[in-house]
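Written out below as structure tokens is the structure these notes cover.
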Amino acid sequence: MHKVKFLKKVWNVAKQYKWQFALSYIILLIELALNQILPLLLGNIVDAAVYKSNMAVFLTAAAIYASVYLGRVLCGFLQLQFWQRLNNKYIYGLRVKCYEKVLRLKASLLTDIKTGDILQTINGDTMEFHHVLQRYAMRIVNAGIGTMVSLIIVAYLKWEIALIMAILIPTSILLTEKIKKKTKKISKELRNNQGEYNSWLMEILKGIREIKLFAAENTVEGQFVNKNNELIKSGIKYSKINFISDKTITLIYFVAQLILYIVSALFVATGSINVAEYITIAAYYNLVSNNFQRILRDNMAFQARQVAIERVFKLIDEEWEDNTGLSPLVVSEGQIDIKNLSFSYEKDFNILKNLTYTIAPGKRIGIVGESGVGKSTLAHLMIRFFEPQNGSIKIDGQNLDECTYSSVRNMIGLVSQEAVIFDVTVKDNICFGADVPDIIIWNVIEKSYLRAEIEKLPNGLHTMLGKDGHSLSGGQNQRLAIARILYKNPKIVILDEATSALDEGSERIVQKALDELTEGRTSIIISHRLNSIAHADDVIVLKNGEVEAVGNFKQLMHDSVTFRELFAAQAKRLEMTDF
């Protein structure tokens, strides 16, 4: 991205604080003006002491110098304090914007985004915005202005010396141009490696029990060592480039300073300038050198910061769930019409093909089929986690593509195989922190057949769950998820393998809760277990993304080869003869 265009994009994010930034920059300009006066005052002090021998003039010049110096220090202090407050507000707003964007990202994008990358972007990369605005957009501009003013004053005193300074600056920029590009490349590699490592480490820590079950500690430890070695290599590369950059700038500064002092000494020796002017020129040269070094260092650091900021923009610019022009879904009956529905994750490979079926209001419909046939995909299409390539899903005549995302998810409840339990209280796990009376929560917990277990907890509804609190069993977690849906009270319910990870004892209890949940609601039951679809009004058998057969247990055992292969053994074991 072109630098000017990039800075404009950064400013567009920050311009809501334009008056605060303006005030901060005014303080910087005052500090710059005071800084430019100091060398002239220093020359006056030397002139009064060496050439005029006037103590009164000397003391006056020294007092003015001290006052200006203290004023510069005060401006620096005020700017730092003001900027810190502005930075906290600005970065906070930016992080909120990123977090809101993550919450509203297209659900299909979340499958491709690594958690570690998101954490790095929100917590780390956002900090680079204030560095770019303060150190690049503001301080580099100030350094440029200061350099030009210093050169003009030096040119007034001795234009030959000013010319030498003017030649050194572009020469140094050309010498460091290649290093900048290398710095950006290594910085990008390092940040990508850090994001991948963070995501990998989170997955490993999340699955630590499975690692122990498979006695895979040594394998994972080896992976940990390898990934850290990669990070170390990238870090060494980056440190090496930074070291070379720093030493290159220092060398340029030393050579330039040596040339200037030799030339200035020759002018003093020939009487072209006096000692006071020499000291003034030397002081201005130090200002130019410091400004020049700041421009070079901040410019090279800008390459690394640009990589981080572009990651933030990439997140902010991702496609989100835009409700503009969409209408709320209103469910009165709960009829679902699926017509010519097709969907593919990959080009030229449809996982669902021209699926057509109508689910009458209040009916329980089972959906079965081999793994990967598209059952869960259909559930995700129903709640608009994905969008179909062809066809439509209508509820009470309303096309879901024309309905707001939130209203669709409010009207449709999904209970999946893995219940996510947050590190908050039992109550907040159900109502997500909403301010509702406890009696409402107890009511849904009772319908979920979970009341006895919750009452035994130390603080009942207000007991903390998760890693810092109380742990629930798998069956209790599922019933808590069911209580969550009952609290939501949707018109339509989808059960996606809701009991597949449970033992038979837990399954029986959870099944009672599921029966309570689906009572009087249009329900879609996706399952590999016969118990779960035992009371379905109809069962749809999917094969190769299409409807192979529809019917009850007896009909499907007779008509569908796929259904027999899936459930014959279970039917025999359970001695089921009629549905």
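Residues take their numbers from the sequence shown, with the count starting at 1.
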- Task: Could you give me the CA-CA distance, side-chain angles and deciding distance for Arg364 and Glu519, then say whether salt bridge (Lys or Arg N to Asp or Glu O under 4.0 Å) is met?
- Result: CA-CA 9 Å; Arg364 297 182 184 181; Glu519 184 65 35; 3.4 Å; yes
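- If you take CD1 on Ile526 and CD1 on Ile540, they are separated by 10.0 Å, rounding to the nearest 0.5 Å.
- Checked for salt-bridge contact, Glu446 and Arg451 meet the test: a charged N lies under 4.0 Å from a carboxylate O.
- Between the side chain of Asn340 and the main chain of Asn390, no donor-acceptor pair closer than 3.5 Å is present.
- Minimum heavy-atom separation, Ile336 to Met382: CD1-CE, 3.6 Å.
- One finds the CG atom of Leu450 at 9.5 Å from the CG atom of Asn477 (value rounded to the nearest 0.5 Å).
- One side chain, Ser376 or Asp496, offers a donor N or O that lies under 3.5 Å from an acceptor on the other.
- The aromatic rings of Phe386 and His380 sit tilted relative to each other, their planes meeting at an angle between 30° and 60°.
- Partner Ile454 forms a side-chain contact (heavy atoms from CB on, under 4.5 Å) with one of Val426, Asn459, Thr463 and no other, that one being Val426.
- Of all non-hydrogen atoms in Arg521 and Glu516, the two that sit nearest each other are NH1-O, 4.3 Å.
- When Arg305, Lys314, Arg95, Arg311 are each tested for a salt bridge (Lys or Arg N to Asp or Glu O under 4.0 Å) with Asp125, only one passes: Arg311.
- Nearest heavy-atom pair across Glu128 and Ala308 is CG-CB, 3.6 Å.
- Counting only heavy atoms from C-beta outward, the side chains of Val415 and Gln478 approach each other to under 4.5 Å.
- Ion pairing between Arg384 and Glu387 holds under the 4.0 Å rule for side-chain N and carboxylate O.
- Side chains of Glu230 and Asn226: no donor on one and acceptor on the other come within 3.5 Å.
- Using a 4.0 Å cut-off between a side-chain N of Lys or Arg and a carboxylate O of Asp or Glu, Lys363 and Asp538 do not qualify as a salt bridge.
- Of the residues listed (Thr425, Ile482, Val436, Ile445), the one engaging Ile430 in a side-chain contact (heavy atoms from CB on, under 4.5 Å) is Ile445, and it is the only one.
- Heavy atoms only, all atoms of each residue included: Asn123 and Met127 are closest at O-CG, 3.8 Å.
- Between Val368 and Phe563 the shortest heavy-atom distance is CG2-CD1, 4.0 Å.
- The shortest distance between side-chain heavy atoms of Phe224 and Ile204 does not fall below 4.5 Å.
- Rounded to the nearest 0.5 angstrom, Ile485 CD1 and Lys447 NZ are separated by 14.0 Å.
- Separation of atoms CD1 (Ile524) and OG1 (Thr518) is listed at 12.5 Å; rounding is to 0.5 Å.
- Atom CD of Glu402 and atom OG of Ser327 lie 7.5 Å apart (nearest 0.5 Å).
- Here the OH-OG1 distance, from Tyr92 to Thr126, works out to 13.0 Å after rounding to the nearest 0.5 Å.
- Side-chain contact between Glu497 and Ser527 is present, with at least one heavy-atom pair separated by less than 4.5 Å.
- In this structure, Ile440 and Asn443 have side chains that are not in contact, with every pair of non-hydrogen atoms separated by 4.5 Å or more.
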